[in-house]
Amino acid sequence: MSGIVKEFPGVRALGGVDLDVRPGEVHCLVGQNGAGKSTLIKVLAGAYQPDEGVISWDGAETQLPTPQSAMRLGISTIYQELDLVPDLSVAENIYLGHELSRGGFSQRARTIAATRDLLARLGHGEISATRAVGSLSPAAQQVVSMARALSQNTRLLVLDEPSAVLDQGEVDNLFRVVRGLTAEGVAVVYISHRLEEIRRIGDRITVLKDGSTVATGLPVEGTPTSELIRLMTGRSIEYVFPPRPETPPTRGEPVLEVEGLALAGTFTGVDLTVHAGEIVGLAGLVGAGRSEILETVYGARRATAGTVRVDGRTLRRGSVPAAVRAGIGLAPEERKSQALLLDQAVYRNITVSSMTRFARAGFLRGDAERRRAEELTRSLDVRPTGVERAVRTLSGGNQQKVVLARWLLRECRVLLLDEPTRGVDVGARSEIYQLVRTLADSGVAVLVVSSEVEEVLGLADRVLVVREGVVVHESEAGQIDESRVLDLVMEGRVA
Amino acid sequence: MSESPIQVSDPRGGADRAATERAEREAAEAGRPRGRGRALLGSGLGRNLGLVVALVLLCIVGAVSAGDRFTSTDNALTILRLAATLGVVSIGMTFVITGGGIDLSVGAILALSSVWATTLATQQMANDTHWLVMVGAALGVGAGCGLINGLLIAYGGVVPFIATLAMLASARGLAEIISNRRTQIVDVPAFRDFFGAEVIGVPVIVLLFVLVAIGGWVLLNRTTFGRRTLAVGGNPEAARLAGINVQRHTVYLYVLLGVCCGIAALILISRTSTGSSTHGTLLELDAIAAVVIGGTLLSGGRGTIAGTVLGVVIFTTLTNVFTLNNRSISEQSLLKGAIIVAAVLLQQRLASRSTST
Amino acid sequence: MSESPIQVSDPRGGADRAATERAEREAAEAGRPRGRGRALLGSGLGRNLGLVVALVLLCIVGAVSAGDRFTSTDNALTILRLAATLGVVSIGMTFVITGGGIDLSVGAILALSSVWATTLATQQMANDTHWLVMVGAALGVGAGCGLINGLLIAYGGVVPFIATLAMLASARGLAEIISNRRTQIVDVPAFRDFFGAEVIGVPVIVLLFVLVAIGGWVLLNRTTFGRRTLAVGGNPEAARLAGINVQRHTVYLYVLLGVCCGIAALILISRTSTGSSTHGTLLELDAIAAVVIGGTLLSGGRGTIAGTVLGVVIFTTLTNVFTLNNRSISEQSLLKGAIIVAAVLLQQRLASRSTST
Amino acid sequence: ACTSNDTGDSEEDLGGGSSQAEAGSNDEAGEEVVIGFSAPAADHGWMGSITESARKVADQYDDVELRVAEGTNDVNLQISQVETFINEGVDAIVLLPFDGAAMTPVALKAMEAGIPVINVDREFDDPNAARVTVLGDNYGMGVSAGQYICEQVGEGDAVIAEIAGIDSLPLTQDRSQGFKDALAECGQKVDNRVAANFTVEGGEAAASNLLQAAPEIDAIWNHDDDQGVGVLAAIENAGRDEFFMVGGAGSSNAMQSIKAGDGVLQATVVYPSTQAADGVKLARLLVQQKALGDLVEVEVPRMVQLYAPVVTADNVDQFIDTAFQS
Ligand SMILES: Nc1ncnc2c1ncn2[C@@H]1O[C@H](COP(=O)(O)OP(=O)(O)OP(=O)(O)O)[C@@H](O)[C@H]1O
Ligand SMILES: Nc1ncnc2c1ncn2[C@@H]1O[C@H](COP(=O)(O)OP(=O)(O)OP(=O)(O)O)[C@@H](O)[C@H]1O
Ligand SMILES: [Mg+2]
Ligand SMILES: [Mg+2]
């Protein structure tokens, strides 16, 4: 691909991008949020039409007017936003669009058998081929997407942040499959914000910044990570995790106290305490039930047993408004579907939980609201600026900042963060870590869930390990290392 | 991937509702045994348990209150004959709704088809050549109207509600102009003979209904067309990226429904021996209600032909039981509302019950 | 997460459509200057340009074809008086649709309110005490029906389409039972005097319409209630997790619409001097059409009162122009369909045009 | 006083002129007769009164059991109701079809099954489909209205308006045709025409627009007194009184207004709402093999057509008692 230009109304997403991929290599595509990575691969997949530029395949110039035409060439894509149909079964999703059929009638038995083979090849034979995809965990859905890509005769596989919803073990598994493919001569384009993954799997790197190529075909060996970061962000970022305070904050007042909390079928007997100024991390495998714990504390799910206290006062079960009134805020896992009003202005998304503050007898004073939102976005460095802009047009990292701004404005006592840096680039990531630490220092109690063990260990003061709905271990973050956490998570030997 | 992209027609119940949905989905999943024959049975009984219970209750009420006036074969056939028009249209509507659309113009299309197929000129030609001319006219008009709906929606970008509302007004207006607002009487003996006939005691129009139902079931559940319909309704963007031509498929769906309206027009022409611009008034609401009560999601992505057929039969049986019992119109409509809500709530409870087992 | 959780009523056009939508949205965004006064103007003209153009065209056609029979003040007031009932209901409907719901029972609620407010007993009491008794009865019945709708939808988990369809049947049935299907004539002079009066040449019912429109605009655009409505309709799950009581808010929305139906019932009682179970037949379709043509998203999350008012006025002006020109009903309905589609397509083109500038 | 939910009129005797006199013979209890009854939806007063008077007449006879099906404007449903009656084996069916032509096949089926069908108001298109036909005179109604208006306005240049009912019904077309033909006799024509759906609301809306369309009017014929309530309200709202109006069907409200002579309504053309009651009576006679009292014939005649008289202030007292409540 060369000189690819793609414009959206008001945005030049790609301004002349070059990319060349060779058979059998893993070509990594990196760049900050909004750099244009997803847009580029959508052009490659025939989902978008470029305004300018040339795409060549096997040396011959070609056009990709529809997704089908790309598939016919052997280009399979796993999109960043998992594109599956929730009510169709696993097998039906995998063969959607290229169904195994005779005379228009679908061949169910053949489809299911083929699906089982594919899933087994991916090391996930346990996923039922006839289950509805909507009922699978995000990680399993990711596997289905993989299987979908492999169900075609693939020569170029494009993976857009496949590891975002996967934990360590899953990522290893993914890499095994990718290596198997490259060994067969398949070319792979790999997009990720986790630079250490790129070190492990990548052969060459292309760096995008603001819609143009700043470097292409860099060999992975011999390009230091700091150089990559500099290319991506235009500056060097040194401290990824902010330093912990010197006095352990466990000595502060307990703010959030959870006792014997249980949700039937998901987790049981969760006890935890978060003190003012403390950051507590929840580590565990995907599907261990950490999101559910946060959501239950927040009242978004009705606990079947146990109590939640904030500043000593017990909250009503299953009531989000009660939790919010008591000073809890949640930045949920699925930003777009659970947190944001995508088509509404940034300022409205920020003030939605505290709008009564800007209203007299229910009537809003719009200016005060907007001004406050502007202050916040400026202090969080949300880009692009402009609080009237629809949140949809912001990049993932900036969207996450908007969610945090919502709770900053609310001046929460307790902040629950579920995967706060999922899909967020390196630069924004360190800003978010910094922000969380600043919040804690101002006396907020923070509970963080993350699938990246490194993140939990780096950010939190104290770590809880969750396995199959049970808290199996608790310790100071300084006293536990990554492999120990992984051991606990996998085998669950209680210390 | 959002777990449940909650749509316009979902209740705004938030978590509880989302939970119910998930539960329902899983119930459907869990209740489905592997074998092919049993799959049919399992899904039929598991998913539609509430409806089956409602229908059985209704039949018990009918049998108790009206005795063998209700239980006779003749009465059953009367119910089915009545159900045929609504049934055929509702099956087509199931496809459109499953594919994420809606069609308010079915009654008007039916009227226009019935009028067009019974103009003097058409009848003349039918008598001169073959009565299939009338069939062709009805199906052709239905398909044509469906095509216009589909093109406006898929390529014109007009929302289905508005496009088909416009079609409602226009098609009925055109039907009135063509018929000069007069009822057109059918005088093609061969046509009347064919549609008025019975096969081993079963009227042809009931057979037609049954055939359309079976055809619809196969099409939705056993063909790539059906798969794609579910995909287009469930997640149009994913369907597009999977290489499905979503726009063209959408057009097909409306044409299919248009053809169903044409078939329903033929049934109604045969029953009344007339074509009229007043045929099918308010059919759209009944059809949509039958489909949704049957369990098809109004937001698309999930559809059930068996449920739709049950919904239609419940509606018509309700009317029949009321008639047999000599109830006043107003009581009927008061009760009808209550029964609809009760059936839906029952359906929900039973669906979530079967999860826990 | 799919980028645009495309909903039931969105066309299935896939990319092109998604692109158009986004373009529209951004156009609306971009075209809005910062200042408060100019914001009103900008959004009014920018977003509703297509509708304004359609209305102006219609008025030109009216003025050319019917001369000062069309342009007279009297005729303008006639149009507005006719628009009042539909207008008040449509404004309430704008809230429900913006909040992600739909209500098919508005006509039936209006009928029930009108009947309840004009029973002999109510009129007796009104004559003995104060005519406000009738107002209270109409608003109370409307609010009560809305409450039932809201509770069924928000807490019962019944989809809005079905819950309100059931209410449609039940409320009309009840209205028939109460009125014994007779037209109830109003004999409360004070009531008729109040609603029949004019203030500086403007009839009270037109004033009511204007007040409801202004109130609706303020409520939607300037209050926390309106903001919550947009949030609940745009993404109910996000709204819930942001601490909004989505269920309770949903109930409020339906009650609000119920009250609007009550007000519309009062307007209709005053205009016809009767209460009747046939009042408001098919009002639901007209109201939804007016709201959607006005630019409110049927899938929720975006609503415009100004657009709704324009939609209503276009509809009533259309009928007026047709009648002034003595056109037949059939031609009217044929053309109405074409005009609806033309207006919507025009609106789209103009909206995307204003992006590029 | 005009509110109509007083049920005082339940005492009203619908025995009718002659049969009351003959109480000794035809009204004498005979064998049990089961009659199926189906009519369009009672969505306006006249139609409501049709079903109600049929019920009332049936209640007067101990030997009649009337089975009333849900009123409906859906021909498909109405057909199925008649089929149900055939299945049940009722003795006779009184049928006021939503659309006469569309109900013909099922009526034929009933006749073939040996069940006499009494066709009321809207005629079948096959004479064999009914044993007896009781018809109002829609064309005659239009003629009566037209002739009355001719008398009043003379031959000069007059603006005449017509407010029709549901335009797609044959009965509306017949009325309009009769009206047009009668007006043509005196050199007049219909200058403005609207349709109002037989509802009060429709009447009000249609008349409001009509009054704008015609700034000066000499006479209006409104097909139906139910929608007339709305029409009169619109006229009052507009403050117009330069014309006179003729109604249709003959509701008691309309007659009271004519009697009082205080509004624009000067006359109405009666369209009896008791025709279905007549149908029930005839059905009973048929099944019991009796004849019509005052006729010499030994069989009930095939066709009874009712008369459409014009009611004015002069003769209103004669009709006011049989008028229906809208
Ligand atoms: N459909 C669209 N309409 C308008 N603007 C868009 C659209 N899709 C992307 N953009 C804009 O184009 C730019 C590039 O977006 P893209 O999604 O390609 O970034 P990315 O590099 O994949 O970021 P991330 O790391 O967050 O996935 C951003 O500014 C984004 O806001
Ligand atoms: N929509 C759903 N339907 C059925 N089961 C679900 C659904 N969502 C989650 N689960 C189940 O609940 C359990 C916990 O899931 P969840 O993914 O929330 O855990 P988690 O620890 O938060 O993982 P993550 O790292 O993805 O946040 C798993 O067993 C999962 O399969
Ligand atoms: Mg991306
Ligand atoms: Mg989780």
Side-chain angles (χ1 to χ4, degrees), chain B residues 1-2 5-17 20 99-102 152-163 165-167 169-170 172-174 176-177 232 235-238 240 246-247 250 285 289 292-293 298-300 330-331 333-334 336-338 340-341 344-345 348, chain C residues 1-15 17 20 99-102 152-163 165-167 169-170 172-174 176-177 232 236-237 240 246-247 250 285 289 292-293 298-300 330-334 336-338 340-341 344-345 348:
Chain B
M1 256 300 299
S2 93
I6 300 187
Q7 279 106 338
V8 54
S9 340
D10 273 345
R12 307 277 116 185
D16 288 357
R17 176 64 195 156
T20 318
I102 194 125
L152 277 177
I153 292 163
Y155 295 95
V158 182
V159 290
F161 194 95
I162 294 298
L165 191 72
M167 176 59 79
S170 294
R172 225 175 258 289
L174 188 58
E176 287 175 6
I177 292 174
V232 167
N235 186 346
E237 182 61 11
R240 190 179 78 89
V246 175
Q247 285 161 304
T250 303
L285 284 187
V292 176
I293 287 178
L298 202 47
S299 44
S330 316
E331 284 171 23
S333 84
L334 187 66
K336 205 168 183 173
I340 292 176
V341 168
V344 170
L345 288 177
Q348 275 176 16
Chain C
M1 245 308 293
S2 90
E3 285 224 336
S4 63
I6 301 187
Q7 279 104 338
V8 53
S9 338
D10 272 345
R12 306 277 116 183
R17 176 60 194 157
T20 318
I102 194 127
L152 277 175
I153 292 163
Y155 296 95
V158 181
V159 290
F161 194 94
I162 294 297
L165 191 70
M167 176 58 78
S170 294
R172 225 177 257 288
L174 189 58
E176 286 175 7
I177 292 176
V232 166
E237 178 65 4
R240 190 176 79 92
V246 175
Q247 285 161 305
T250 303
L285 286 188
V292 177
I293 287 178
L298 203 47
S299 44
S330 314
E331 287 170 15
Q332 287 194 28
S333 85
L334 184 67
K336 202 170 179 173
I340 291 176
V341 168
V344 170
L345 289 178
Q348 276 176 15

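Residue numbers begin at 1 in each chain, while the letters A, B, ... track the order of the sequences.
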Closest non-hydrogen contact found for B/Leu165 with C/Ala289 is CD2-CB, 3.0 Å
Looking only at heavy atoms, which two atoms of C/Ala169 and B/Lys336 are closest? And how far apart?
->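 Taking C/Ala169 first and B/Lys336 second, the nearest heavy atoms are CB-CB, 4.5 Å.
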Heavy-atom pairs under 4.5 Å with chain B are the metric here; pick the option from C/Ala163, C/Gly156, C/Ser333 that has the most.
->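 With the most close heavy-atom pairs to chain B, the winner is C/Ser333.
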Out of curiosity, C/Leu285 CG to B/Phe161 CZ, how far, rounded to the nearest 0.5 Å?
-> 5.5 Å
Please name all residues satisfying side chain to side chain contact (heavy atoms under 4.5 Å, CB included) with C/Ile177, sequence neighbours left out, ordered by chain then number.
->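 Side chain to side chain contact (heavy atoms under 4.5 Å, CB included) check on C/Ile177 returns B/Ser330, B/Glu331, B/Leu334.
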Among all residues two or more places apart in sequence or in another chain, which pass the side chain to side chain contact (heavy atoms under 4.5 Å, CB included) test with C/Leu345?
->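 Partners of C/Leu345 under the side chain to side chain contact (heavy atoms under 4.5 Å, CB included) test: B/Val158, C/Val341, C/Gln348, C/Arg349.
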Against chain C, work out which of B/Ser170, B/Ala166, B/Gly337 has the most heavy-atom pairs shorter than 4.5 Å and name it.
->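 Max contact count across the listed options: B/Ser170.
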Which portion of C/Leu152 sits near chain B, non-hydrogen atoms under 4.5 angstrom = side chain
